[in-house]
Amino acid sequence: MKTTRQPPFTGSATTLPTTAGTAVGSSEKTESQETVLAPPDEQPQVLKIEEAPARQLGFAIVGLGKLALEEVMPAFGECKLAKPVALVSGHREKAVKVAHAHHIPESSIYNYENFDRIADDPSIDVVYIILPNSMHAEFTIRALKAGKHVLCEKPMAVSVEEGQSMARAGREAGKKLGIAYRLHYEPLNMQVMKWCREKKFGKIKSFVSSNCQIVEAPNIRLSRELGGGPVSDTGIYSINAARYCIGEEPIAVTAVACFPDDDPRFREVPESVSFILTYPSGVIATCDTSFGTIEGRRYRVQCDNGYIEMDPSFSYRGLKLKTKALLEGDESSEVSEINLRQKNHFAEQMDGFCKAIINDTEVVTPASMGIADLRIIAAIRESYESGKPVKIDS
């Protein structure tokens, strides 16, 4: 069969008639019958073109452990408002390698002894504390006194008193202090918060959560002196999630802990802790956390007209959200999985903190939230050590 080939296109935007009764090549074309096929030379106004932010804030990363190196430093590549400008580490050789990888000058590497010199470094706007829990208060207060805003990893500190001293230092310095509860910036958890506020699935009746993993020695999480233990490390996620789902502060807790005799890893901190929090409205939160079980990170909000479930809920990526809503007269409603574009939690968190600084607005996860969690953690410990329920002071 003989075929013909069209000559190459050499002209401008081409049009074809849109009316079926008009033959190709007919001179009887009207403007309404023509459709432009090739785009014009000018860019359409609806095309969004990304522009560089007017201002980026410089971050000093304090502590170059696993979290800093594997999650926080890579996250800067997805930040719009935050950039790394300085490092603080007790291991200079490691810090130099990290600095070179992120184009940070060696002159901007500090250690824990000369840390206070950051006050003379104008490139540093924010100090991100990623140290063992027992060091949070000291370096947060020193950074605030140096005139820097501070984002501190959770738990905020190892005691309520330390947390209060950190908050006071922030007020006295006139600087922002945020606690790194990254899930407050994560799209799926933010959706859950919105639904719970709106009572989308009815009145909340109960909350159940589990956050467990295996921790091998040596690890700072296993040291009581460094502020370790499963409640402050992994259990705090369940505590915080219960707050943003239930929308209340607990008034009492009952807790039990397991210190296995045959496992030397847990001679200073418990392997597992289970705790029940009660709230003013009558809602009950049942949670468990462990350093000795296979990884599991989930929560469920049980409502009178359905439920909300995240599993996994606390991981750095791959979160999944599903819901079930009971329709009137139909208790076999299908479970729906909710899909939202997932984002880098750490990038969103650092950019969110920057927005609060640039716009001088309230921090999404302020010091008061960190102190509230410290009160709950202290009450959980008192309960499992005494074997009795404990009231939680507000």
Side-chain angles (χ1 to χ4, degrees), residues 57-76 82-159 161-170 172-173 175-180 217-229 232-233 268-269 346 349-350 353 367 370 374:
L57 300 186
F59 274 62
I61 303 301
V62 185
L64 297 179
K66 182 180 177 70
L67 180 64
L69 296 181
E70 294 186 1
E71 302 296 339
V72 175
M73 296 304 297
F76 278 111
K83 61 180 179 180
V85 298
L87 304 172
V88 181
S89 175
H91 304 278
R92 183 166 179 85
E93 183 179 350
K94 176 170 65 173
V96 168
K97 291 181 180 179
V98 177
H100 289 171
H102 293 272
H103 309 290
I104 298 171
E106 290 188 25
S107 59
S108 294
I109 298 175
Y110 301 88
N111 57 45
Y112 302 125
E113 287 70 38
N114 66 14
F115 176 80
D116 298 322
R117 285 175 44 203
I118 65 171
D120 302 321
D121 190 337
S123 71
I124 300 173
D125 300 294
V126 180
V127 173
Y128 191 169
I129 306 294
I130 317 177
L131 293 168
N133 301 340
S134 59
M135 301 172 70
H136 286 185
E138 176 189 348
F139 283 89
T140 292
I141 293 171
R142 288 170 68 179
L144 290 166
K145 287 183 176 180
K148 310 301 181 182
H149 303 282
V150 176
L151 181 62
C152 179
E153 266 302 326
K154 61 193 173 303
M156 181 180 187
V158 296
S159 70
E161 294 73 24
E162 280 192 352
Q164 291 171 333
S165 68
M166 294 161 69
R168 185 166 54 252
E172 292 174 351
K175 296 297 178 181
K176 304 284 188 187
L177 171 57
I179 311 305
N219 194 301
I220 59 174
R221 294 179 173 90
L222 301 174
S223 170
R224 181 165 179 163
E225 182 181 357
L226 296 179
S232 59
D233 187 77
E268 295 184 9
V269 302
F346 294 93
Q349 175 177 255
M350 289 188 285
F353 190 58
L374 291 175

Could you work out, with salt bridge (Lys or Arg N to Asp or Glu O under 4.0 Å) as the rule, every residue matching Glu172, not counting sequence neighbours?
none
Rounded to the nearest 0.5 Å, what separates atom CG in Leu67 from atom OH in Tyr128?
6.0 Å
Atom of Ala173, atom of Leu144 and distance for their closest heavy-atom approach:
CB-O, 3.4 Å
Atom pair CD (Glu138) and CE (Met135), whose distance is rounded to the nearest 0.5 Å
6.5 Å
Heavy atoms only: give me the nearest Val269-Ser223 pair and the separation to one decimal.
CG1-C, 4.2 Å
Provide the closest heavy-atom pair for Ala157 versus Gly163 in the form atom of the first, atom of the second, distance.
CB-N, 3.9 Å
Interatomic spacing from CD in Glu162 to NE2 in His136 - rounded to 0.5 Å:
10.0 Å
Apply side chain to side chain contact (heavy atoms under 4.5 Å, CB included) to Leu151 and Gln349, showing your working.
CA-CA 10 Å; Leu151 181 62; Gln349 175 177 255; 4.1 Å; yes
Within a strict 4.5 Å, meaning less than it, do heavy atoms of the Lys94 and Leu87 side chains meet?
no
Pairwise distance CG(Leu57) to CZ(Phe353) - rounded to 0.5 angstrom:
9.0 Å
Of His149, Arg168, Met156, the residue whose pairing with Leu177 passes side chain to side chain contact (heavy atoms under 4.5 Å, CB included):
Met156
Would the distance check show the side chain of Lys154 and the main-chain N or O of Ala180 forming a donor-acceptor pair, the cut-off being under 3.5 Å?
yes
Closest heavy-atom contact between Val85 and Ser123?
CG2-O, 3.4 Å
Report yes if the distance between the aromatic ring centroids of Phe76 and Phe59 is under 6.0 Å, otherwise no.
yes
Just by distance, do the side chain of Asp125 and the backbone of Gly58 share a donor-acceptor pair under 3.5 Å?
yes
Passing option when Phe139 is tested against Leu131, Val88, Ile130, Val150 for side chain to side chain contact (heavy atoms under 4.5 Å, CB included):
Leu131
Hey, could you give me the OG/CG distance between Ser134 and Leu226, rounded to the nearest 0.5 Å?
4.5 Å
How would you list, by chain and number, every residue that makes a salt bridge (Lys or Arg N to Asp or Glu O under 4.0 Å) with Glu70, sequence neighbours excluded?
Lys66
For the pair Asn133 (side chain) and Gly227 (backbone), establish whether a donor and an acceptor sit closer than 3.5 Å, ignoring hydrogens and angles.
yes
Which atom pairs, donor and acceptor, lie under 3.5 Å between side-chain atoms of residues 95-106 and protein residues at least two apart or in another chain?
residue	atom	partner	partner atom	Å
His100	NE2	Glu106	OE2	2.9

From CD1 (Ile61) to OG (Ser89), nearest 0.5 Å
12.0 Å
What's the shortest heavy-atom distance between Gly63 and Tyr112, and which atoms?
CA-OH, 3.8 Å
Atom of Ala367, atom of Ala167 and distance for their closest heavy-atom approach
CB-CB, 4.0 Å
